[in-house]
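This report concerns only the one structure given below.
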Amino acid sequence: MASFPTANSAAELLSRVRQRRPRVHCLMNTVVQKFTADGITAVGGIPSMTSSEEEIESFVSKVDALTVNLGTLDAARRKVIRIAVEVANAEGKPWIVDPVHCDYSPSRLMFAQELITLHPTIVRGNAAEMAVIGDIGKALRIQTGPEDELKDDGRKINIVNGHPWMAKVTGTGCLSGGVIAAFMAVEPDAMLAAAAALTVTGVSAQLAARHARGPGTFEAAFLDALDTVNTNDILSLARIEHNED
Ligand SMILES: Nc1ncnc2c1ncn2[C@@H]1O[C@H](COP(=O)(O)OP(=O)(O)O)[C@@H](O)[C@H]1O
Ligand SMILES: Cc1ncsc1CCOP(=O)(O)O
Ligand SMILES: [Mg+2]
């Protein structure tokens with residue numbers, strides 16, 4: 001029987017990420033490449049970021065997990081994403097899709113839906129994006145927001161951590177996709193991995209908010225907290241709720 005995520009499993013998986021230092025490749029929008037890479041590094045992973053057609057096959061072959069983010073999408077990145085996903089699938093590597101702004105553009109929505117037919121491990125978006133995405137097959141569904149809702153074939157989990165300043169910093173959702181990929185690299189159960197990743201980011205945000213004055217100082221304090229968050233912080237602050245319905 002599948003197990004349910006807990007504060008203990010989140011803390012254990014964070015230790016695993018820090019110990020194993022998984023490699024995560026990010027096909028990331030141009031706005032938050034630096035912030036996403038910094039978040040992955042701070043939590044203990046090793047990011048790579050190229051979108052070059054010549055290099056993508058080699059890079060995906062070298063990493064442990066892949067993040068596909070559809071922000072600032074263009075024709076060249078669509079081509080590279082298709083190659084990356086083919087390599088990840090052929091090599092059995094976990095990958096996550098973030099269908100950024102698919103609710104703004106029919107063309108981007110169609111591309112997101114095309115990717116979903118290729119069996120991503122996880123689809124994560126905000127409420128507006130997840131409202132239009134439709135059927136995601138057997139992928140783990142994550143809708144982030146004031147509460148993060150995670151749903152697979154038998155488990156429904158809410159993570160009630162985080163801070164409103166996360167919504168005032170561009171790219172916290174994109175960064176969460178990178179951190180989730182780092183956790184998927186060390187834990188095959190996508191629900192346990194993603195719940196741990198979102199608990200760690202949410203608890204880190206709460207710790208950061210104690211030292212910040214607004215979104216600007218919060219952004220730096222959040223990266224600091226991803227680096228220093230520890231088992232005690234997680235055990236005392238994690239709010240992981242199991243839903244029966
Ligand atoms: N009001 C809030 N309170 C707590 N956490 C939040 C809040 N709004 C967003 N978050 C957190 O910020 C991150 C990004 O979520 P969201 O804003 O839904 O994504 P996106 O950046 O893709 O729009 C998630 O980790 C989520 O938990
Ligand atoms: C990550 C992010 N957050 C706000 S704008 C942005 C980039 C999204 O790119 P696009 O405008 O092409 O959706
Ligand atoms: Mg987003």
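Note that this is a predicted model, so its numbers are computed, not measured. Residue indices begin at 1 and follow the sequence shown. Remember, it's 1-based here, ligands and their atoms both numbered in the order they're listed.
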- Query: Trp165 vs His163 aromatic rings, parallel, tilted or perpendicular, using cut-offs 30° and 60°?
  - Reply: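 Aromatic pair Trp165/His163 classed tilted.
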
- Item | Qualifying residue, where the test is side chain to side chain donor-acceptor pair (under 3.5 Å) with Asn29 and the options are Thr72, Asn69, Thr36 |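 Going through Thr72, Asn69, Thr36 one by one, the side chain to side chain donor-acceptor pair (under 3.5 Å) with Asn29 is satisfied by Asn69 alone.
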
- Query: Will you find, in the side chains of Arg124 and Thr144, an N or O donor that is under 3.5 Å from an N or O acceptor?
  - Reply: yes

Give the residue and atom name of whichever protein heavy atom lies nearest to [atom], and the separation in Å to one decimal.
{"atom": "atom 4 (C) of ligand 2", "result": "Thr170 CG2, 3.7 Å"}
{"atom": "atom 27 (O) of ligand 1", "result": "Asp148 OD1, 2.7 Å"}
{"atom": "atom 4 (C) of ligand 1", "result": "His163 N, 3.2 Å"}
{"atom": "atom 10 (N) of ligand 1", "result": "Gly145 O, 3.5 Å"}
{"atom": "atom 15 (O) of ligand 1", "result": "Thr144 OG1, 3.3 Å"}
{"atom": "atom 13 (C) of ligand 1", "result": "Thr172 OG1, 3.7 Å"}
{"atom": "atom 12 (O) of ligand 1", "result": "Met166 CB, 3.4 Å"}

Below 4.0 angstrom from a heavy atom of [X], which ligand 2 atoms are there? Numbered from 1 as shown, please.
{"X": "Val31", "value": "7 (C)"}
{"X": "Cys174", "value": "1 (C)"}
{"X": "Gly71", "value": "8 (C), 9 (O), 12 (O)"}

- Query: Thr67 side chain to Gly177 main-chain N or O, any donor-acceptor pair under 3.5 Å?
  - Reply: yes

[X] near ligand 1, heavy-atom distance under 4.0 Å?
{"X": "Thr170", "answer": "no"}
{"X": "Gly202", "answer": "no"}
{"X": "Gln143", "answer": "no"}

- Message: With clusters defined by side-chain heavy atoms of hydrophobic residues (ILVMFWY) lying less than 4.5 Å apart, directly or transitively, does Val97 cluster with Leu73?
- Response: yes

- Message: Please check whether Ser176 reaches ligand 1 - meaning an N/O of the residue sits under 3.5 Å from an N/O of the ligand, judged on distance alone.
- Response: no

- Hey, does Asn126 come in under 3.5 Å of ligand 1, counting only N/O atoms on both sides?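 Right, the criterion is met.
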
- So is there a nitrogen or oxygen of Arg108 less than 3.5 Å from a nitrogen or oxygen in ligand 2?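 So ligand 2 has an N or O lying under 3.5 Å from an N or O of Arg108.
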
- Is Arg16 paired with Glu12 through a side-chain N to carboxylate O contact shorter than 4.0 Å? yes

- Message: If you count every heavy atom of other residues, nucleotides or ligands that lies below 6.0 Å from Arg108 atom CZ, does the total exceed 12?
- Response: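 Correct, the count exceeds 12.
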
- Contact partition for Arg124 relative to ligand 1, non-hydrogen atoms under 4.0 Å: side chain

- Message: Below a 4.0 angstrom heavy-atom separation, can you tell me which part of Met28, side chain or backbone, both or neither, approaches ligand 2?
- Response: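 Under 4.0 Å from ligand 2, Met28 contributes no heavy atoms.
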
- Task: Taking atom 17 (O) of ligand 1 as the reference point, report whether a protein heavy atom occurs under 4.0 Å from it.
- Result: no

